[in-house]
Amino acid sequence: LMQGGRATGVEGRFHDPEAQVDGPPLRVTARKAVIVACSAIQTPLLLRDSGVKHPLLGRRLQAHPGTGVVGLFDEPVNIWFGATQGYETPHFWDERMKMETVGLPLELGAVRLPGLGAELMEQLADYGHVSMWGVQIRARAQGRVKRTIFGNPKIRIDFTKQDMRDLKKGIKRLTRLKFEAGARRVLPGVHGLPDSITSPE
């Protein structure tokens, strides 16, 4: 609900997802303010659809791109047991990056393993001995969100050269950390790098 260029409330309908039917209408009027919290992608789209106009609407999108590095250990790790992201370190926050553990069941973790066919089956046989750690950077790039003619979100963000340098530095650190933790092989999962690295050098 808009009045005089300001959001004054919310209007919509209850929806039953199982029956796929709309229920009765809903109308809530705000006493002080309306808070929109639909994620960095959906919020600007909802505001635009609601009639909000502002030159920065949908602009200045920021993100934290990242990737995971897999290490193969002699000891069992059981990556599928425990929290998905159970541990993280703030040690490199001043360099705009964080590192964390990533736990994934086989059906999700398999996409991070190299090879096809028999080669992939060999990698899957060792899945109980792999661990994955991720690195994410606080990117400097600013992107844009808008809606396509079909109604879907369209996201555009071009990471800066410094963003890419930071991400590469994070991948290199993760790889070294894996070897220091006792990994016998590291699988970086990055196009252009070897599928398997056997030495930090």
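For this chain, numbers begin at 1 and follow the sequence in order.
With a 4.5 Å cut-off on side-chain heavy atoms, Gln136 and Met97 do not count as touching. Residues Trp133 and Glu100 fail the side-chain proximity criterion, which asks for heavy atoms closer than 4.5 Å. Counting heavy atoms from C-beta on, the side chains of Ile137 and Pro65 come closer than 4.5 Å. No side-chain heavy atom of Phe92 sits under 4.5 Å from any side-chain heavy atom of Val135.
Chaining together hydrophobic side chains whose heavy atoms lie under 4.5 Å apart places Phe73 alongside Val77. The hydrophobic cluster containing Val28 also includes Phe14, Leu26, under a criterion of side-chain heavy atoms closer than 4.5 Å among ILVMFWY residues, counted directly or through chains of members.
For Arg144, the side chain to side chain contact (heavy atoms under 4.5 Å, CB included) partners at least two apart in sequence or on another chain are Arg59, Lys146. Contacts of Thr8 classified as side chain to side chain contact (heavy atoms under 4.5 Å, CB included), with partners at least two apart in sequence or in another chain: Leu1, Gln3. With sequence neighbours excluded, the residues forming a side-chain hydrogen bond (donor to acceptor under 3.5 Å, both in side chains) with Glu88 are Lys98, listed by chain and number. By the side-chain hydrogen bond (donor to acceptor under 3.5 Å, both in side chains) test, His15 pairs with Asp22, sequence neighbours left out. With sequence neighbours excluded, the residues satisfying side chain to side chain contact (heavy atoms under 4.5 Å, CB included) with Asp158 are Arg156. By the side-chain hydrogen bond (donor to acceptor under 3.5 Å, both in side chains) test, Thr101 is found to be paired with no residue, residues two or more places apart in sequence or in another chain being considered. The side chain to side chain contact (heavy atoms under 4.5 Å, CB included) test applied to Thr148 returns Phe150, Asn152, Lys154, not counting sequence neighbours.
Arg176 CZ to Glu201 CD: the interatomic distance, rounded to the nearest 0.5 Å, is 6.5 Å. Met132 CE to Thr84 OG1: the interatomic distance, rounded to the nearest 0.5 Å, is 11.5 Å. With values rounded to the nearest 0.5 angstrom, Glu180 atom CD is found 11.0 Å from Thr175 atom OG1. Taken from CG in Asp126 to CG in Leu72, the straight-line distance is 5.0 Å, to the nearest 0.5 Å. Here CG of Leu61 is found 9.0 Å from CD of Gln142. Values are rounded to the nearest 0.5 Å. Note: Arg60 CZ to Leu56 CG = 4.5 Å, rounded to the nearest 0.5 Å.
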Tell me which donor-acceptor pairs under 3.5 Å the side chains of residues 40-50 have, and how far apart each pair is, sequence neighbours excluded?
| from | atom 1 | to | atom 2 | distance (Å) |
| --- | --- | --- | --- | --- |
| Thr43 | OG1 | Cys38 | N | 2.9 |
| Thr43 | OG1 | Ser39 | N | 3.4 |
| Thr43 | OG1 | Ser39 | O | 2.7 |
| Arg48 | NH2 | Leu57 | O | 2.9 |
| Asp49 | OD2 | Arg147 | NE | 3.4 |
| Asp49 | OD2 | Arg147 | NH2 | 2.6 |
| Ser50 | OG | Leu46 | O | 2.8 |

Would you tabulate the side-chain donor-acceptor contacts of residues 163-173 under 3.5 Å, counting partners in other chains and residues two or more places apart, or write 'none'?
| from | atom 1 | to | atom 2 | distance (Å) |
| --- | --- | --- | --- | --- |
| Asp163 | OD1 | Arg140 | N | 2.7 |
| Asp163 | OD1 | Thr160 | OG1 | 3.4 |
| Asp163 | OD2 | Arg140 | N | 3.3 |
| Asp163 | OD2 | Ala141 | N | 3.1 |
| Asp163 | OD2 | Thr160 | N | 3.0 |
| Asp163 | OD2 | Thr160 | OG1 | 3.1 |
| Arg165 | NE | Gln162 | OE1 | 3.3 |
| Arg165 | NH2 | Gln162 | OE1 | 3.1 |
| Asp166 | OD1 | Gln162 | NE2 | 2.9 |
| Asp166 | OD2 | Arg140 | NH1 | 2.7 |
| Lys169 | NZ | Glu95 | OE1 | 3.4 |
| Arg173 | NH1 | Glu95 | OE1 | 3.3 |
| Arg173 | NH2 | Glu95 | OE1 | 3.0 |
| Arg173 | NH2 | Glu95 | OE2 | 3.2 |

List, one per line, each side-chain donor-acceptor pair under 3.5 Å for residues 183-197, sequence neighbours excluded.
| from | atom 1 | to | atom 2 | distance (Å) |
| --- | --- | --- | --- | --- |
| Arg184 | NE | Asp74 | OD1 | 2.7 |
| Arg185 | NH1 | Ser196 | OG | 3.2 |

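Tyr87 is not connected to Leu174 by any chain of hydrophobic side-chain contacts under 4.5 Å among Ile, Leu, Val, Met, Phe, Trp and Tyr, and they are in different clusters. Note: the hydrophobic cluster containing Met121 also contains Ile79 (ILVMFWY, side chain heavy atoms under 4.5 Å, direct or indirect links). Using a 4.5 Å cut-off between side-chain heavy atoms of Ile, Leu, Val, Met, Phe, Trp and Tyr, with links allowed through other members, Leu106 and Val70 fall into the same hydrophobic cluster.
Of the possible donor and acceptor atoms, none in the side chain of Asn78 sits under 3.5 Å from a partner among the backbone N and O of Phe81.
The two residues Ala83 and Gly86 have their closest heavy-atom pair at CB-CA, 3.7 Å.
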Side chain to side chain contact (heavy atoms under 4.5 Å, CB included) evaluation trace for Gln123 with Val130: CA-CA 10 Å; Gln123 303 283 354; Val130 305; over 6 Å; no
Apply side chain to side chain contact (heavy atoms under 4.5 Å, CB included) to the pair Leu104 and Val102, showing each step before the final yes or no. CA-CA 6 Å; Leu104 294 173; Val102 182; 3.9 Å; yes
